[in-house]
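Worksheet: one structure, shown below.
Residue numbers begin at 1 in each chain, while the letters A, B, ... track the order of the sequences.
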Protein chains: 2
Amino acid sequence: MTTADRLSDVFAALADPIRRDMVATLAEADATVTELAEPHDVTVQAISKHLKVLEEAGLVSRTRDAQRRPAHLEADVFGLLTTWLERHRRLAEERYRRLDAVLASMPDDPSSTPLAERATTTHDHPDDRTTP
Amino acid sequence: MTTADRLSDVFAALADPIRRDMVATLAEADATVTELAEPHDVTVQAISKHLKVLEEAGLVSRTRDAQRRPAHLEADVFGLLTTWLERHRRLAEERYRRLDAVLASMPDDPSSTPLAERATTTHDHPDDRTTP
DNA sequence: CGTTCATTCAACCAACTGGTTGAACACGAA
DNA sequence: TTCGTGTTCAACCAGTTGGTTGAATGAACG
């Protein structure tokens, strides 16, 4: 699976409030399906499905303890998110700095569009790679 | 709208590879719908819809320039994500440290379950608040 | 004016999601 | 073996999503 696909799965998994709540709970301690279900007024089966989504996104792993199957938060995946986030936050910041510079070095030239200036520039930006 | 809802919208918006790509492009420069559509082989209407999703998630704002409506990346929202991410990464780390401590101060006591130890502890954790 | 370009609206469709109920499976205990 | 508990599988349903085509709107330009 490509990094883009994994990112999609992780973001999608965290787009649901119940699932985010489950992650929050698991950040404090491993927990079973029934334990995770208790605070939410949906059936245990629904929680089981949610857990499967988290599992397939790589956010959670399962162990076995007799008939119980405790879930464990796989915190590594947060790194993936942080990387993506950092990259784009950084880009946006650089963009601001660049724009400020342009504005500063431009007294009043009417031939330059104020916003959306040269949008067709050098953006050959494939995105979603495992950091080049 | 509550913080949880906003988080859901942002995560959902970023769960789509095309939309992530659009964000990547916008991180470098503002761009119009047609410009954003060019690299992807879907119709301009589809991109317009994607842009609306990003807009409603607060990730993008629109300006007007004659018949064009350039999109601008609203980088502030990244802060919301970073906050959530940091909080849970931090929790997970603390959990590891705590667990290590427990394991260290426990020579070999058979009455303690190895993993999933006391899952029914103090987790009154409402989650998704605007940082208390 | 009519044309052309950029964008959006509207209706439609297939696929996916989040939920349900009911049945099945997997263990440990009696 | 039977019973109870925890978990999952299967089928189903309503609502959402991501895409399409076709028509409508908005603004510059001849």
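Here T34(A) reaches the OP1 or OP2 of dT7(D): one of its side-chain N or O atoms lies under 4.0 Å away. Not one side-chain nitrogen or oxygen of R68(B) sits closer than 4.0 Å to the OP1 or OP2 atom of dT8(C). Close to dA6(C), at under 4.0 Å from its OP1 or OP2, lies no side-chain N or O of R69(B). A close approach under 4.0 Å does not occur between any side-chain nitrogen or oxygen of T32(A) and OP1 or OP2 of dG6(D).
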Nucleotides 24-30 of chain D: which of its N/O atoms have a protein N/O under 3.5 Å away?
none

Output one line per pair: protein atom, nucleotide atom from nucleotides 18-23 of chain D, and distance, for all N/O pairs under 3.5 Å.
unit_1  : atom_1 : unit_2 : atom_2 : d
dG18(D) : OP1    : R19(B) : NH2    : 3.2
dG18(D) : OP2    : R19(B) : NH1    : 3.1
dG19(D) : OP2    : H50(B) : NE2    : 2.2
dG19(D) : N7     : K49(B) : NZ     : 3.1
dG19(D) : O6     : K49(B) : NZ     : 2.4
dT20(D) : OP2    : T43(B) : N      : 3.0
dT20(D) : OP2    : T43(B) : OG1    : 2.7
dG22(D) : O6     : Q45(B) : NE2    : 3.0

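Remark: L85(B) pairs with F78(A), L81(A), T82(A), L85(A) by the side chain to side chain contact (heavy atoms under 4.5 Å, CB included) rule, at least two apart or across chains. Shown here are the side chain to side chain contact (heavy atoms under 4.5 Å, CB included) partners of A12(B), two or more places apart in sequence or in another chain: A15(A). Taking the side chain to side chain donor-acceptor pair (under 3.5 Å) definition, one finds that S8(A) meets it with R20(B), sequence neighbours left out. Among residues two or more places apart in sequence or in another chain, the side chain to side chain donor-acceptor pair (under 3.5 Å) test is passed with S61(B) by E74(B). Listed by chain and residue number, V44(B), I47(B) satisfy the side chain to side chain contact (heavy atoms under 4.5 Å, CB included) test with A37(B) (two or more places apart in sequence, or in another chain). Under the salt bridge (Lys or Arg N to Asp or Glu O under 4.0 Å) criterion, E86(B) pairs with R89(B), sequence neighbours left out. Among residues two or more places apart in sequence or in another chain, the side chain to side chain donor-acceptor pair (under 3.5 Å) test is passed with T34(B) by T32(B). The side chain to side chain donor-acceptor pair (under 3.5 Å) check on R69(B) picks up nothing, with sequence neighbours excluded.
Over its full length, the helix from dC1(C)-dG30(D) to dA30(C)-dT1(D) turns its helical axis through 10°, comparing axes from the five pairs at each end and rounding to 10°.
One distance of note links CG of L36(A) with CG of L51(A); it measures 6.0 Å at 0.5 Å rounding.
Applying the side chain to side chain donor-acceptor pair (under 3.5 Å) test to pairs two or more places apart or on separate chains, those with a residue in residues 39-59 of chain A are R19(A)-H50(A).
Per the geometry, CG belonging to D5(A) stands 14 Å off P belonging to dC16(C), to the nearest Å. Rounded to whole Å, the distance from CZ on F11(A) to P on dT17(D) is 17 Å. Atom CG in L14(A) sits roughly 12 Å away from atom P in dG18(C) (whole-Å rounding).
Looking at heavy atoms from C-beta onward, D30(A) lies out of side-chain contact with T63(A) at the 4.5 angstrom threshold.
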